[in-house]
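First up is the structure itself, then whatever we jot down about it.
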Amino acid sequence: MRRFVPVIVVALLATVPLWLGDPYILNAFITTGIFTIAAMSLNLLLGYTGQLSLGHVAFFGIGAYVSALTALGFDVELFDGFHVVHEPWPVIYGFILAIVIAGLCGYLVGKLSFRVRGAYFVIVTISFAEVVRLVALNWVELTQGPLALTNIPPVTLGLPGIGYANLYGKTGNYYLVLGVGVIAYVVIKHLVQSRIGRAMIALKENESLALSVGINVTRYLVLAAIVSAAIAGAAGSLYAHYLRIIDPDIFLFLYTVTMVIMVITGGKGTLAGPVVGGALFGAIPVIVRSFAAPEVQWILYGAFMIAIIFVLPQGIVPAIERWFAPRPSKKQLVASQSSVSAE
Amino acid sequence: MSEFLQHIANTLILGGTYALLGIGLTLIFGIMRVVNFTHGELYTFGAYFVFLISSVLGLNFLLALPVAIIAGLVLGALIELLLLRPMRGADIDTTMLVMIGAMIVMQNSEQLVWGGVAKSVSTPFPETPLVIGPVSVSYLRVFVLVMALLLIAATYVLINRTKLGKAMRATFQDRDTAALMGVNVRAIYTATFAIGSSLAAAAGALLGPAYVISPHMGDIASLKAFAIVILGGLGNITGAAIGGFILALAEELGAGYVSSGYRDAMGFLIIIAVLLIKPTGLFARAERIG
Amino acid sequence: MLEVRDLECRYGSVAALKSVSLSVEKGQIVALIGANGAGKSTMLRSLSGLLVPSRGSIMFDGEDIARCSPPQVLKRGITHCPEGRHVFPDMSVEENLDMGAYLRRDMAGIAADRAQIFEQFPRLAERRKQIAGTLSGGEQQMLAIGRALMSRPKLVLFDEPSLGLAPNIVERVFEIIAQIRADGATVLMVEQNAYAALEMCDYAYLLESGVIATSGKGADLIDNPHVQAAYLGG
Amino acid sequence: MTAIVPALTIEHVAVHFGGLVAIADMNFVVNGGELLSLIGPNGAGKTTAFNVITGFLKPSKGEVRYRGTSLNGLKPHQVASLGLVRTFQRTSVFRAHSVFDNVLTGLHLSGRSNLLDTLLRLPRERASEQELHDAAWEILTLVGIDKQAHELAGALPYGDQRLLGVALALAAKPSMLLLDEPVSGMNASETGRFMRLLAKLRDRGMTILLVEHDMPMVMGVSDRIVVLNYGRIIAEGPPAAIREDPEVIRAYLGQAGAKRAAHA
Amino acid sequence: QESIKIGVNEPLTGPFAASGTYVTNGARIAADEINAKGGVLGKKLELVIEDNKSNPTEAAAVTEKLVTRDKVPVIMGAWGSSLTLASMPKLMEYQVPMLVETSSSGKITTSGNPYIFRISPPSSVEAAAFKPMVPKMTIKKVDFLVINNDWGRGAAEDFGKMLKGENIQVGLVETMDQSAQDMSAQLAKIKASDADTLMVTTAVEQLTLVLKQAAALGMKKQIITTGGSQNPDQLIAQAGSAANGTIHLATFAPWQPDSTPNPQAAKYFIGEWKKRGFDFPGVTESFRGYDGIRTIAAAIEKAGKPEPEAIRAAFWNVDVKGLNGDIKFQKQGPSGKESGQSVPNVYLIKIDDGKVVVPTM
Ligand SMILES: Nc1ncnc2c1ncn2[C@@H]1O[C@H](COP(=O)(O)OP(=O)(O)OP(=O)(O)O)[C@@H](O)[C@H]1O
Ligand SMILES: Nc1ncnc2c1ncn2[C@@H]1O[C@H](COP(=O)(O)OP(=O)(O)OP(=O)(O)O)[C@@H](O)[C@H]1O
Ligand SMILES: [Mg+2]
Ligand SMILES: [Mg+2]
């Protein structure tokens, strides 16, 4: 039964544009969907390898910039008189390049920080994101810096030689986001429910022990970083072509925070967690906007977050799972008082 | 040369600022392992408190400082009791999220109360700078530096030399065993968070007058504070202080001799570089395997 | 001195102790033996206040301490040396010992006790400044024992004190335990080295799956065929 | 028994922590199929030796070789993939996971699927997973914790956690097993059970290096014993010789210990 | 009686909250004033105010909501350039015009969006207005210290170009992060340069800090600020003596309402602003909201019906006496898809001894 839940959810989501008349809500669905994909990618790192990337927006932003620049073209003088000129390419190449280059950056960060863990990994990722933001801000020639990249073309679907269709409209973009979301979900699912996934979890739980049974911890951390970054890059690309303008504000720390909120409230380390958290925290701003003053909207948002964690500290999805899968004989680890057992 | 000397003087002044931001967080993040996103808000709180006392109520600036510290102590204790205590046993990321929620609530409450317009506080210090040869600095900032060094020293003594400090470290290294030693661990949790918070408020109270006070002043303050604590090695007071000065130096020289657009990038590059060489900060603790 | 009646302790929905009653007389060494997972550590944890029992009473010197917190229990003179060392990993050997004397104020007495522990465990004296987390397993165990003694307890709860110690040090630890009794204090110990424990104790209890299966003088239990088969490997 | 071939060779290994000499100059050989015990006072350097052998620590000097391959500079997971697997003195299991999942994780090296198989969930992935499941049951049964397979590792009693630690090591398909105080915290009967497990492993030809303070056991199972004190080898030989060695008695066994060792 | 809705898309929370709130309050004054006089086309104006949270994604979402949910025929917004830019594709999609009241990025009017009408001056306009005053001042070489965003970078570029044309040397161009509080590193470098003048472009809070920190470094250069939101009163109040001697290019001079292009409106606006209890320094920002709504009202009046296309067309014909000059739109951007840009007045003012003076030149 449980296996079919995702299928049913996707089927239901696929009907949304058919009956939802309100473009504002559809817009909320699309942006929420994009951030949910990013949150899913973050979950791979945070929930499975236990490494919190608070600079995750860097991959998202890199994906957005790569994709936009591929589609717009650029002319950069690297050093005296040496120009790199790029003519605009079809958007689909941008999308693919976004994934590849974001993945490469994930490789870089994974490799660079292969020895740092926990808080130190957090700060390396934050630093990386800040450095990338500052490059986007200051390398005006390439990125237009704060002047923003405008007139980014919408996604075109099709194959060279056969023809293209522009996705200006919301419905097209909606299905695109849904499609990418489903692929991302399946990729992550296959990955974590496998030997590789177990290796990642082992790294999170007890690194020395993982090493001692022959798990190449670094390799799996790097792999997780690559996949995670690549998916975030895909989300960024979707974002750029949907919003059709990007500037260094895309590296807003708030966006990372949004992703983290989605992952943890939904339930980190669960496949459905980021999706549920994403849906919830995509909906809340829309709902509170209708009745509360601006500051109060934020206060409610924050208070709601705290409330969820107080009631369901593991997140929503694990709580639901426990509800539906009562295995009474299974012993639970009582973590609270007295964990006096040597580890 | 004179420009260089000025940069060095600026580094000392700014480093004091950063160190001050770092030490409060060393307690809460470095020792308690709570990713404290409210640090910046407590900093802002301290700043607004000084504004309230010295500009709104018209009392003396020097009086405002201790009062802000006490207010920070109280607010910190409240946060611990209301938000952190129920989260005991939850993992670090989950607690972090609660703190993010608290940050959002606090920041927007500040804006609701004070409005978004920046405030400034006048101080009894002369506006003309102190000039030593080619170098010139403001008296207020020298005062801040001196206070920062005093607070760092006091925190160092507290953590490493007093019984309370030992109890704090013991509690966060092994809560149950600390309780077995007779430590009232609940009180220690509250006390540690309150003291860390009051140091943040103190930083705000000192720096608010030096800068301008706005609901968003805490954002970069937090970010820098985290970086500094990690640079120095978690829980290491001297490390945090030195980390603060290193970050200041990197930024100052980065802006002075590389490019001001990459000023902050220099700081972060230094952090990345340090962590690549010493993955657990400049002053890592010994660890063993097996 | 210590009188436990009808104690029940649970982890979530599982009862680790079902209904345990036992008593410890002043100046005795009492051993608690039992298989893995029988609930011995749970027993000690509930005595020292780390776990709140779901039922039953713990009378110590005429007072029910079942719902006391660990510091309150310690103030009444009970100290618990936990299973698996649990030294404070980022504190030095000396600081760890100081933590043992956390509730004491007599500086001179503390210094004397510390000197005595260094005498009993010369290894610790060599390493007084070393960060405890980098000590070897056995060194940490010595430290945990020393630290427990720093509070000058009336009743010591030892959870597997010989764990990970070299044979000559185990000998030393048993001497220390005998000395504690000689000094007029009381010991309740859980020990996997059942033979040694039964040999030296005044009285012993056998705990099986959360209930006391049998009890008696140490020597009597050694001769008990069931104990022989299940715990002494004989 | 086949001819004696050295499996593990330790040559002039030294380890320093700052000014502290944990291992001074250590030389010994473990032969293939042999059970060698490494004993010595607390802090003598036994665990440190394990850390050096398994790649967790770089020796300050010296070399370790396994079946002719130098282990210098190898990372722990590389050492493990050569068939040299250790357990930990501090109990190490993946606490938040079931016993079964623990062993499944430990079987990492036996997986045959590659990234593509996994991402697309190709038949090879499924086949490999099935094999790992079977292998996991086999190991659990061998070690004798199959009944607890679905319990959380962190909630197991101490002794069972130690067995699970051994099961994890076995999952990595070692040709040589390094056990760091495997029976600490077990009572005499449980120790007896563990000794039977050791015997089974030896029947499969596994080489074993054992660190343990339980003298009856050490004396009972060892082919040979190496005694370490303050980072130096002070004695080496068969159990019978070791338990009578006055130096070993003085530094390690103590009078009563010697008596009990003799008892075994 | 039905009302005519006008969407207001402003940052009311987040880092730009203070400015967004000012502008919104200015807009409210204008709407109330117009409604008191009977509204537009016989209908009352209704402002639909939404917070874009200082966040581009939200700014786009807000535009979407205003258009599709609230069915507003015209929008004012969105303060920051990135907020405005993010809204612009939505305007194209739904064909609804937007009056841009604050943003300064050149791209807003040059990227071919015919639904954009801007009343704030991009820095090129400001630089051009400053040009005739330059020869009357003593400037030989200029360093720039600008906020690192489109506004600051644009200012450095446009003013630099203009000054070079006047044979004035341009030295350092230093930037500061939007949220930076400590600029002493940049200032130490500037202090050591041989330029005699420093031009600063940033928001008023950061400007205060720049002036204070420059004074603390003992910098003796002439300081000129650009951008028009520098709010001299706030500077005097907060920077104290550090503000003395500084020169500012302002777009509205509320301290001398009589010398503004529309004294009557200026006095009314300032009076109303004070009456509502807002702090006076805010007027130098909020007047844009006031002017914006009045311009929109004029366009609706001209269009004769509250419909997007009609209003868009009518914008080209408005001629409003704004608080800092006539608001008339000129065409900018690729032909056929031009955006509208109005050219406001620019003033030069000086702070002397804690007071604002208009230097006579
Ligand atoms: N933190 C915990 N959460 C859940 N169950 C626990 C926890 N600690 C212990 N248990 C369970 O309680 C029971 C008793 O455990 P306890 O540690 O008291 O046994 P023990 O007799 O000390 O065993 P050992 O000799 O292995 O130390 C065991 O079944 C164990 O699985
Ligand atoms: N990381 C470290 N830093 C400093 N000293 C260390 C470190 N690791 C081990 N030591 C010291 O090195 C010595 C050897 O330690 P090791 O753990 O190898 O001992 P051992 O023989 O395993 O002892 P035990 O029987 O108690 O487990 C000990 O004295 C210990 O304190
Ligand atoms: Mg136990
Ligand atoms: Mg050891």
Side-chain angles (χ1 to χ4, degrees), chain A residues 21-32 34-35 64 130 133-134 136-138 140 144-154 168-170 173 239-255 258 282 285-286 288-290 292-299 301, chain E residues 10-15 17 20-21 24 49-70 80-90 92-94 104-108 110-113 146-154 157 175 177-179 334:
Chain A
D22 189 335
Y24 166 60
I25 301 289
L26 196 55
N27 172 66
F29 265 99
I30 295 168
T31 43
T32 301
I34 292 172
F35 278 101
E130 270 299 298
R133 181 183 75 84
L134 290 165
L137 187 65
N138 290 295
V140 178
Q144 309 273 304
L147 307 176
L149 289 172
T150 50
N151 292 341
I152 300 170
Y168 277 106
K170 293 218 164 47
N173 270 297
Y239 180 87
H241 296 287
Y242 177 63
L243 214 64
R244 307 199 35 225
I245 163 240
I246 47 166
D247 69 359
D249 266 0
I250 196 167
F251 296 102
L252 230 47
F253 187 60
L254 186 71
Y255 289 154
T258 308
V286 176
V288 294
R289 161 163 277 151
S290 60
E295 290 93 349
V296 180
Q297 289 176 22
W298 277 111
I299 293 173
Y301 184 90
Chain E
E10 290 290 325
L12 304 177
T13 59
T21 309
T24 309
I49 297 165
E50 285 292 352
D51 173 23
N52 63 34
K53 304 183 181 172
S54 309
N55 171 335
T57 319
E58 283 290 328
V62 161
T63 305
E64 183 107 38
K65 173 188 178 280
L66 290 171
V67 174
T68 64
R69 268 279 175 88
D70 304 308
S81 294
S82 57
L83 306 172
T84 302
L85 286 166
S87 302
M88 284 167 46
K90 302 280 176 195
M92 294 276 257
E93 185 179 349
Y94 294 110
S104 63
S105 168
K107 284 209 171 153
I108 290 173
T110 55
S111 65
N113 187 322
V146 298
I147 184 169
N148 199 356
N149 62 19
D150 57 286
W151 176 30
R153 288 207 177 243
E157 190 166 316
T175 61
D177 209 65
Q178 201 150 281
S179 54

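Numbered from 1 within each chain, the chains take letters A, B, ... in sequence-line order.
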query: What residue, out of E:N149, E:L85, E:N113, has the most heavy-atom pairs lying under 4.5 Å from chain A?
result: E:L85
statement: The reported gap from CE in E:M88 to CG in A:L243 (rounded to nearest 0.5 angstrom) is 12.0 Å
task: Among A:Y255, A:W298, A:Y24, A:Y239, single out the residue with the greatest number of heavy-atom pairs under 4.5 Å to chain E.
output: A:Y24
- prompt: Does E:T13 use its side chain to pair, donor to acceptor, with the backbone of E:S54 at less than 3.5 Å?
  reply: no
task: With a 4.5 angstrom heavy-atom cut-off, could you sort out which part of A:I246 is near chain E: side chain, backbone, both or neither?
output: neither
Which of A:L254, A:T31, A:N138 touches chain E most, by non-hydrogen pairs under 4.5 Å: A:N138
message: Donor-acceptor check, side chain of A:H241 to backbone of A:P153, threshold 3.5 angstrom: yes or no?
response: yes
- prompt: In terms of heavy-atom pairs under 4.5 Å, which option from E:S111, E:G14, E:S87, E:G80 contacts chain A the most?
  reply: E:S111
query: If you measure from the Lys or Arg side-chain nitrogens to the Asp or Glu carboxylate oxygens, is any gap between E:E93 and A:R244 under 4.0 Å?
result: no
field: chain E contact via A:I250 - side chain, backbone, both or neither, heavy atoms under 4.5 Å
entry: neither
query: Non-hydrogen atoms of chain A under 4.5 Å away: do they reach the side chain of E:S81, the backbone, both or neither?
result: neither
- prompt: Do the non-hydrogen side-chain atoms of A:F251 and A:E130 ever get within less than 4.5 Å of each other?
  reply: no
- prompt: Which atoms of E:K65 come close to chain A, meaning under 4.5 Å heavy atom to heavy atom: side chain ones, backbone ones, both, or neither?
  reply: both
task: Quick one: which of A:L252, A:D247, A:N27 has the most heavy-atom pairs under 4.5 Å with chain E, could you say?
output: A:N27
message: Return the CD to CD1 distance between E:E10 and E:I49, rounded to the nearest 0.5 Å.
response: 9.0 Å
message: I need the residue from E:S105, E:A61, E:G106 with the largest number of non-hydrogen atom pairs under 4.5 Å to chain A.
response: E:A61
field: Top of A:P23, A:A293, A:A148 for chain E proximity - count of heavy-atom pairs under 4.5 angstrom
entry: A:P23
field: Selection from E:I108, E:L12, E:N55 maximising heavy-atom pairs under 4.5 Å formed with chain A
entry: E:N55
Separation between CD of E:Q178 and CD1 of E:I147, rounded to the nearest 0.5 Å: 4.5 Å
- prompt: Can E:R69 and E:E50 be counted as an ion pair, charged N to O under 4.0 angstrom?
  reply: no
Partners passing side chain to side chain contact (heavy atoms under 4.5 Å, CB included) against E:D177 (at least two apart in sequence or in another chain): A:R133, A:L134, A:L137, B:D264, E:S179, E:A180
query: Side chain, backbone, both or neither: which part of A:V140 has a heavy atom under 4.5 Å from chain E?
result: side chain
